[in-house]
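For reference, positions follow the sequence shown, starting with 1.
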Amino acid sequence: MDFPRTMKRRRALGAVAVATGLVLTVAGCGGSGDGQSDKGAASSSVPTRSSGGQKQSQAPQADNTVLAEVKGENGLTLAITSAKREAGGFVTVEGTVTNNTSDIWLAETWRGDERELTRNGSSLAGASLIDQKGKKKYLVLRDTTGRCLCTKFDGPVRQGQTADWFAQFPAPPEGTDTVDFQVGAMPPATLELSQG
């Protein structure tokens, strides 16, 4: 028996097993399994941001109806235009933020206090959904590297500009149709969840 050759084969098989496990783990975290990336899993209208705080979207939103709107943080207006349960067991919340302040606005306070979330930069990583009925708080979903499944702002939102955003959360139990969305120092916004 050639001991060094046997050890090489065992190492190779071990590496293949680990790689296969990682691939399956990443595929399992992909949401709906429909081939789309895990960032924005089943939402075909996941907003993206361009530099300079300009409004940009991969696909136009079907409905501009505002489900909820709150004002705070020295003149910011947060509007929620969609809150849908998705087939993969998560909720996608979308909306806009308008800078009505007298200066540029960075979403630094919206990324949350957890040390792991600081790598998300200016983002909605600190947003949450609160189920008052079930007395539970749902945090933004993360991918396998710890990055939030939410908008990461590329730069400041300038005075008078509006930026699109999205965030994905674990879905509350069926029968829970009303939740509160909260981020940063903005007041909570109560919304009705729809079926995606």
Given the rule that I, L, V, M, F, W and Y join up when any side-chain heavy atoms are under 4.5 Å apart, are W165 and Y138 in one cluster? yes
Taking only residues two or more places apart in sequence, or in another chain, which ones meet W110 in a ring-ring contact (aromatic ring centres under 6.0 Å, His included)? W105
By side-chain contact (heavy atoms from CB on, under 4.5 Å), which residues pair with K71, not counting sequence neighbours?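 K71 satisfies side-chain contact (heavy atoms from CB on, under 4.5 Å) with E69, T77 once adjacent residues are dropped.
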Step by step, work out the side chain to side chain contact (heavy atoms under 4.5 Å, CB included) result for F153 and L106. CA-CA 8 Å; F153 297 98; L106 294 167; over 6 Å; no
Under 4.5 Å between any side-chain heavy atoms of V91 and P172, yes or no?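 Sidechains of P172 and V91: in contact.
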Taking atom CG of D103 and atom CD of Q159, what is their separation to the nearest 0.5 Å? 7.5 Å
With rounding to the nearest 0.5 angstrom, report the CD1 to CG distance, I80 to L78.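 The CG atom of L78 is 5.5 Å from CD1 of I80, to the nearest 0.5 Å.
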Any chance the side chains of N100 and T98 put a donor and an acceptor closer than 3.5 Å? no
Say you draw a straight line from OG1 of T178 to CG of L193; how long is it, rounded to the nearest 0.5 Å? 7.5 Å
Audit row: L76, V97, side chain to side chain contact (heavy atoms under 4.5 Å, CB included) steps and yes/no: CA-CA 7 Å; L76 286 182; V97 59; 4.2 Å; yes
T151 side chain to F166 main-chain N or O, any donor-acceptor pair under 3.5 Å?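 Confirmed, T151 side chain pairs with F166 backbone.
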To check you understand the geometry: which heavy-atom pair defines the closest contact between S128 and F169, and what is its length?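 Heavy atoms only, the tightest pair is CA-CE2, 3.6 Å.
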Taking the side chain as every heavy atom from C-beta outward, state whether T176 and Q132 have any atom pair closer than 4.5 Å. no
Go through the structure and list residues passing side-chain hydrogen bond (donor to acceptor under 3.5 Å, both in side chains) with S82, not counting sequence neighbours. none
Considering only heavy atoms from C-beta outward, does the side chain of D131 approach that of P173 to under 4.5 Å? yes
Can you tell me how far apart CG (D177) and OG (S194) are? Round to the nearest 0.5 Å.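 Here the interatomic distance stands at 10.0 Å.
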Please report the shortest heavy-atom distance between V140 and C150, naming the atom on each side.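 V140 and C150 have their closest heavy atoms at CG1-CB, 4.0 Å.
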For P188, which residues count as a side-chain contact (heavy atoms from CB on, under 4.5 Å) partner, sequence neighbours excluded?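 Partners of P188 by the side-chain contact (heavy atoms from CB on, under 4.5 Å) criterion, ordered by chain and then number, come out as D180, Q182.
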Check whether the side chains of E94 and T81 place a donor and an acceptor atom closer than 3.5 Å, and report yes or no.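 No - no donor-acceptor pair under 3.5 Å links their side chains.
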To the nearest 0.5 Å, tell me how far F181 CZ sits from I130 CD1. 10.0 Å
Distance (rounded to the nearest 0.5 Å) between E86 CD and Q195 CD: 9.5 Å
For the student: nearest non-hydrogen atoms of P187 and G72, plus distance: CD-CA, 4.5 Å
Could you list the residues that satisfy salt bridge (charged side-chain N to carboxylate O under 4.0 Å, His left out) with E192, not counting sequence neighbours? none
